[in-house]
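Step one of this worksheet: look at the structure below.
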There are 2 protein chains.
Amino acid sequence: MKENTTKFVLLGLLSRRPLTGYDIKKTVETRLDYVWDLSNGQIYPTLKTMEKEGLITKKVETRENGPIRKIYSITKKGFEELTDWLNQPAHPEINRYEILLKLMFGEHADPETNSKHIQDFKRRNTQLYEAMSQFERNLDGMPVQTEEAFYVRLAVLLGKSISKASIDWAEKAIQMLEEHKAGE
Amino acid sequence: MKENTTKFVLLGLLSRRPLTGYDIKKTVETRLDYVWDLSNGQIYPTLKTMEKEGLITKKVETRENGPIRKIYSITKKGFEELTDWLNQPAHPEINRYEILLKLMFGEHADPETNSKHIQDFKRRNTQLYEAMSQFERNLDGMPVQTEEAFYVRLAVLLGKSISKASIDWAEKAIQMLEEHKAGE
DNA sequence: AAAACCATGTAAGATGTTACATGATTAA
DNA sequence: TTAATCATGTAACATCTTACATGGTTTT
C-alpha cells in the first residue's frame, strides 16, 4: 500500500457530504467497520496535508457552546483524484486472522483454550452480522433508492455473507472440537 | 498489534520443525496465505532479535554447492512464550478490502469499472478456494492424522468457507449490476 | 457524580513494504 | 539462454497504533 489509501477513504466520504474529522472517525467505525479502519493519528494529519494539496477545503465553525468544528469539503481536484483511483484495479485483500494463527498452532494449547478462541470469534462475527443487517434495513427503508445506496448495499451484502460464513464455521468447528476431544 | 505478532508466527512455525528464513517465507506464502503475511524485511531482522533473546537457536549449514543456510530451532524459552501467547485471547480480525472501498464509492465510476473490480475479486477468491481445497486434500491424504493436522484443518475450513462466500457474492453482485444497468 | 460523547490534535514508537544487492543452481 | 528457485539480507521509507493532552456538553 504505497499509495496512501487513507487519502482515498477520506476523499470518498467527503465526495458525499462535508464532514469533520470526528464525523469521519465515526463513519469509518460504523459504516466502514470490517472494510477499512482508520485511527485519529491517521485522519487528522492526512486532512491537513490534503488541504495543502488542494484536494479539500476547510470551513471553521465556531459555536457558543461546544468546541470549534472544522468542516472539510472536497474540491474539483480532489474529486478527480478520487475517480482516477476508482478506475485503478484494487489491491488484493489483506486479512489478519490472529485466531486462525492461534488455531493453526492449537496442538500446543488445550482444547478448551482453542474452543474459547472460536467462541470469541463467533461473537465478533455475530455482532458484525447484526450490524450489517441493521444497516441493510436502513438502506431498504430509505425513501429514494440512490446510486449511492445501490453500491453501499453491494458492499454490505459481502460483509453479511462473510460474517455468516464465519459464524457457521465457528459452530461447526466447536462441534468438531467436541468430537475430537471425545474421540481421544 | 503492539506485541509483535511476527514473533509468534515464527515461533509457531519453528515449534514444528527447524526452518530457514527462506523456508519460513515459503510456508507463510503457501500455508498461511490469507491468514497472515510476512515480508523478508520482517522475517530476517526478527529471527536475529529472537536469537538474541534466546527464543531460538541457529545452526549454520555450509554446503559445497549453493548458498549457506541458517537453520533456526525453537528453544524451551521460545516454546514457553509461544504457549503463553496461545492462551491469550486473540486480537480482533483486521480486514482491508480495497475492493469494497471502491465499490462503496462506486457511484462515481461507471458500472463496467465496478463490474471489473468484482470480477478481479472473484478470480482472487477462486484461486484461494482452490489452493485451500488442495491443501485439504493433502491433509486427508496424510498417513497419520496428527493433532497438528486437526487444527490446521480447522483453519483451512474457515478459509474455504470465506472464499466460497466471496465467490458466491461476486456472482450475485455482477448479476445485480447487470439488472441495475438494464433498469436505468 | 460519573460516564460517555463531542471535538481537536500530537509525539513517539512500532510495524511493515519496497526495492535493491548478491550470487549460485536448476528447470524450461 | 532466460527465467525461476534457493538463500541471504539491508536501507529507506511509508504506514499505523497508542497513549496522551485538552475541555466542554449531555446522558445515566
Output the rounded distance in Å from [atom1] ([X]) to [atom2] ([N]).
{"X": "B/Glu51", "N": "D/dT8", "atom1": "CD", "atom2": "P", "result": "13 Å"}
{"X": "A/Asn4", "N": "D/dT15", "atom1": "CG", "atom2": "P", "result": "5 Å"}
{"X": "B/Leu38", "N": "D/dT8", "atom1": "CG", "atom2": "C1'", "result": "17 Å"}
{"X": "A/Arg96", "N": "D/dT15", "atom1": "CZ", "atom2": "P", "result": "16 Å"}
{"X": "A/Ile94", "N": "C/dT15", "atom1": "CD1", "atom2": "P", "result": "17 Å"}
{"X": "B/Ile24", "N": "D/dC6", "atom1": "CD1", "atom2": "C1'", "result": "15 Å"}
{"X": "B/Glu3", "N": "D/dC16", "atom1": "CD", "atom2": "C1'", "result": "16 Å"}
{"X": "B/Glu29", "N": "C/dT17", "atom1": "CD", "atom2": "P", "result": "12 Å"}

#### Entry: Spatial distance of atom CG (B/Leu82) from atom CG (B/Leu86) [nearest 0.5 Å]
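One gets 4.5 Å once the value is rounded to the nearest 0.5 Å.
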
### Query
Measuring from A/Glu81:CD to A/Lys76:NZ, what's the distance to the nearest 0.5 Å?
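Rounded to the nearest 0.5 Å, the CD-NZ separation comes out at 13.0 Å.
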
### Message
Once you measure the plane-to-plane angle for A/Phe121 and A/Tyr97, does it fall in the parallel (<30°), tilted (30-60°) or perpendicular (>60°) bin?
### Response
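Tilted, since the angle between the ring planes falls between 30° and 60°.
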
### Message
A side-chain contact here means heavy atoms from C-beta on lying under 4.5 Å apart; do A/Trp36 and A/Phe8 qualify?
### Response
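SC-SC contact between A/Trp36 and A/Phe8 ruled out.
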
### Message
If you compare every side-chain N and O of A/Gln42 against the phosphate oxygens of D/dT15 (OP1, OP2), does one of them come in below 4.0 Å?
### Response
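No, because none of the side-chain N or O atoms of A/Gln42 sits under 4.0 Å from OP1 or OP2 of D/dT15.
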
### Query
At under 4.0 Å, does any side-chain N or O of A/Thr6 touch on OP1 or OP2 of D/dC16?
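It does, given that an N or O in the side chain of A/Thr6 lies less than 4.0 Å from OP1 or OP2 of D/dC16.
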
### Message
Output one letter per nucleotide in nucleotides 6-13 of chain C: B when a protein non-hydrogen atom lies under 4.0 Å from the base, S when only the sugar-phosphate is that close, - when neither is.
### Response
BBBBS---

### Query
Judged by atom type as modelled, is there a donor-acceptor pair below 3.5 Å linking the side chain of A/Thr113 to the main-chain atoms of A/Ala109?
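No: the side chain of A/Thr113 does not pair with the backbone of A/Ala109.
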
### Query
Under 4.0 Å between a Lys/Arg side-chain N and an Asp/Glu carboxylate O for A/Glu136 and A/Lys160?
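Judged by the 4.0 Å cut-off on N to carboxylate O distance, A/Glu136 and A/Lys160 do form a salt bridge.
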
